[in-house]
Amino acid sequence: MRRAFLNRVDKMIREEEDTVYFTVDIGMWAIRDLLEKYPERATNVGIYEDGMFGIAAGLAAGGYIPTIFGIQPYLVERTLEQIKLDFAYQGLGVNVIGTGAAVDYPKYGYSHYCAEDAGVLKMIPGVEVLTPGTANEFISLFNQAYRDGKPTFFRVSDHPNKEYDIDVTLGKANVIKRGGGATVIAVSVMLDMVMEACSDLDVTVLYYTSLAPFDADTLKREYNGGKIVVCEPHYSGTLDYDIIDALAGRSVQIEHIGFPREIFRNYGTYEDKMEYYGLNTEHIRAALAT
Amino acid sequence: MNNKEIALFANDIRRNVVCAIGKKGGGHIGGSLSICDLLAVLYGEIMKYDPENPDWEERDYLVCSKGHAAPAIYSALALKGFFPMEWLEELNRPGTRLPGHSDRKVPGIDATTGSLGQGLSIACGIAHGLKVQGRGQSVFCITGDGENDEGQIWEAAAYAANYNLDNLIMFLDWNKKQIDGRNEDVMRLGDLAMKYRSFGWNSHRVNGHDVEEIRQTIYTAVRDKNGKPTMILLDTVKGAGISCIEQIENNHCIGLPEKLVKECLGELSLVQGICLKN
């Protein structure tokens with residue numbers, strides 16, 4: 001997915017003179033020639049996240065289309081006030097592509113984890129939060145969003161879906177499977193796992209790559225009154241408000257497969273953490289069985 | 001320790017950095033190696049500490065704001081008996097007691113870091129608190145040169161000068177490189193010694209691999225307090241002390257296969273010392 005976005009950014013800078021690209025010193029060797037050829041529109045500003053967001057806001061105010069790339073915790077948490085005031089309140093269109101979401105950088109410790117990113121961003125009205133599950137989905141969502149004049153955050157994972165590659169639309173959920181039992185909401189890179197867990201089950205599977213805006217209509221239309229199991233690669237409960245709001249007036253039982261709301265003090269591989277926190281097929285089936 | 005003993009200690013720190021990172025197959029070696037001589041001076045001669053009681057109230061404090069250099073700090077702490085040497089084998093591994101970035105849950109670590117730019121502010125808070133309490137120990141802080149891109153560093157610099165934190169000594173590891181290349185190419189920082197002076201600090205530039213020069217400069221800063229914090233600009237080489245690492249242009253965070261580990265240890269074994277079994 002990272003290669004896909006680098007190629008897309010490379011093309012954008014070369015072909016569209018009103019676009020700019022910023023990165024924050026995290027290893028841009030793959031597009032070094034781009035940075036050298038277009039130093040005024042494609043630049044590494046150094047280790048300077050919060051200031052960079054302000055600069056991007058200024059460029060957007062002047063008519064440019066800025067895109068920023070960095071590591072998710074520093075892009076989301078360190079810069080929260082700039083996101084709120086510089087981007088959202090002023091309605092400035094800046095695209096932010098973050099790598100290292102949740103536990104994608106599993107060995108570097110708590111400073112490099114960011115399971116709260118989606119929840120934090122979704123609390124700021126007017127911010128688009130897009131979580132593609134594959135490289136193709138990223139390209140599609142980026143193409144739909146990058147000139148829409150809104151602050152848009154793309155959560156780019158190093159662990160994409162391999163079996164399922166969906167034709168996605170910004171702001172719309174996809175119905176992957178219809179059934180008579182529970183409704184499973186699969187978010188982003190959880191889709192492969194969800195489909196493996198549900199292969200022999202009579203359930204509905206909805207696939208969400210747009211967390212904000214949230215597609216309430218599809219959920220309202222497809223929900224058949226059973227249990228809802230939300231499988232999300234971030235803190236559990238991030239979508240609860242949207243689900244409850246979409247089904248207002250109805251009684252709904254929600255089960256969660258996601259990261260528990262605790263400080264992660266363990267280390268190891270991405271797979272270790274997914275297993276440790278129960279983001280696996282076994283727990284999905286168990287949630288559907290109870 | 002005399003200078004020869006400090007140099008041997010620095011060599012031991014380097015050997016254990018290589019072994020610890022090598023066990024995992026790679027990691028932040030460049031910026032770890034560049035501060036080994038400083039750490040040997042601090043832990044070998046300057047700092048007051050008690051490995052049996054890491055939270056001793058009379059200790060000097062050290063905040064490693066460039067948290068990715070934790071392997072070097074951990075190696076120094078292990079060699080000084082804060083925890084068993086074998087812990088170094090767990091670096092970055094599942095269930096480890098030694099996370100990849102400097103972590104306060106490790107005995108002897110005074111602040112969790114890893115998000116660059118924040119440690120100097122923490123060091124300011126510790127130093128301010130000690131001054132208010134009338135206590136005499138020192139607070140040391142290590143920042144990276146790329147880290148000085150961050151605005152929070154300069155907010156802390158203003159704070160330290162404004163509150164006359166002369167018990168604060170900050171080392172700036174001027175190894176001239178950050179992840180994406182040389183500082184001069186990524187973000188020019190200019191004359192850092194002059195910048196800190198203009199913020200109201202004492203500032204000194206030393207050879208960051210000359211233990212005698214480092215030692216004397218710290219002694220002077222601790223002894224001759226003048227109401228100002230002190231910045232010591234360490235002129236260093238990223239990957240210092242191991243030529244095959246120094247020669248890798250992009251050596252911030254690299255793979256360290258067994259062959260390269262052996263080459264590194266072969267160079268360092270010219271001086272015998274204490275090391276993890278590899």
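Treat the numbers as computed from the prediction; the structure is a model and nothing was measured.
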Which one, A:Asp50, A:Val45, A:Thr43, A:Leu35, leads in non-hydrogen pairs under 4.5 Å with chain B? A:Val45
Counting only heavy atoms from other residues, nucleotides and ligands, does the tally under 6.0 Å from CD of A:Glu262 exceed 12? yes
Just give me the residue among B:Asp180, B:Asp185, B:Asn250, B:Asn183 that pairs up with chain A most often, heavy atom to heavy atom, under 4.5 Å. B:Asp180
Determine the minimum heavy-atom distance between A:Ser111 and B:Gly114, stating which atoms define it. OG-CA, 3.5 Å
Please indicate whether A:Phe264 has more than 12 foreign heavy atoms, meaning atoms of other residues, nucleotides or ligands, lying under 6.0 Å from its CZ. yes
Most contacts with chain B, counted as non-hydrogen pairs under 4.5 angstrom, among A:Val24, A:Ile47, A:Ile26: A:Ile47
Heavy-atom distances under 4.5 Å only: say whether B:Glu147 touches chain A with side chain, backbone, both or neither. backbone
Near A:Glu16 CD, under 6.0 Å, is it more than 12 heavy atoms from other residues, nucleotides or ligands? yes
Counting only heavy atoms not in A:Lys84, do more than 12 fall under 6.0 Å of its NZ? no
Restricting to non-hydrogen atoms, name the atom on B:Lys105 and the atom on A:Arg265 that form the minimum distance, rounded to 0.1 Å. NZ-O, 3.1 Å
So which part of A:Glu49 gets closer than 4.5 Å to some heavy atom of chain B, the side chain, the backbone, both or neither? both
Go through the atoms of B:Thr113 and report whether side chain, backbone, both or neither lie under 4.5 Å from a heavy atom of chain A. backbone
Using non-hydrogen atoms only, which part of A:Tyr108 is less than 4.5 Å away from chain B: side chain, backbone, both, or neither? both
One should read off an interatomic distance between B:Glu150 CD and A:Tyr48 OH, to the nearest 0.5 angstrom, of 9.5 Å
Does any backbone or side-chain atom of A:Asn44 lie under 4.5 Å from a heavy atom of chain B? Answer side chain, backbone, both or neither. both
If you define the side chain from C-beta out and look only at heavy atoms, does anything of B:His68 sit under 4.5 Å from A:His112? no
May I ask you to check whether over 12 heavy atoms, not counting those of A:Tyr64, lie within 6.0 Å of atom OH? no
Flag side-chain contact, heavy atom, 4.5 Å: B:Pro99 against A:Tyr110: no
Between A:Gly46 and B:Gln178, which heavy-atom pair has the shortest distance, and what is it? CA-NE2, 4.1 Å
Please classify the contact of B:His28 with chain A as side chain, backbone, both or neither, using a heavy-atom distance under 4.5 Å. side chain
A:Asp25 side chain to B:Gly146 backbone, donor-acceptor under 3.5 Å: no
A:Arg14 atom CZ, neighbour heavy-atom count above 12 within 6.0 Å: yes
Donor-acceptor under 3.5 Å (B:Arg93 side chain, A:Thr269 main chain): no
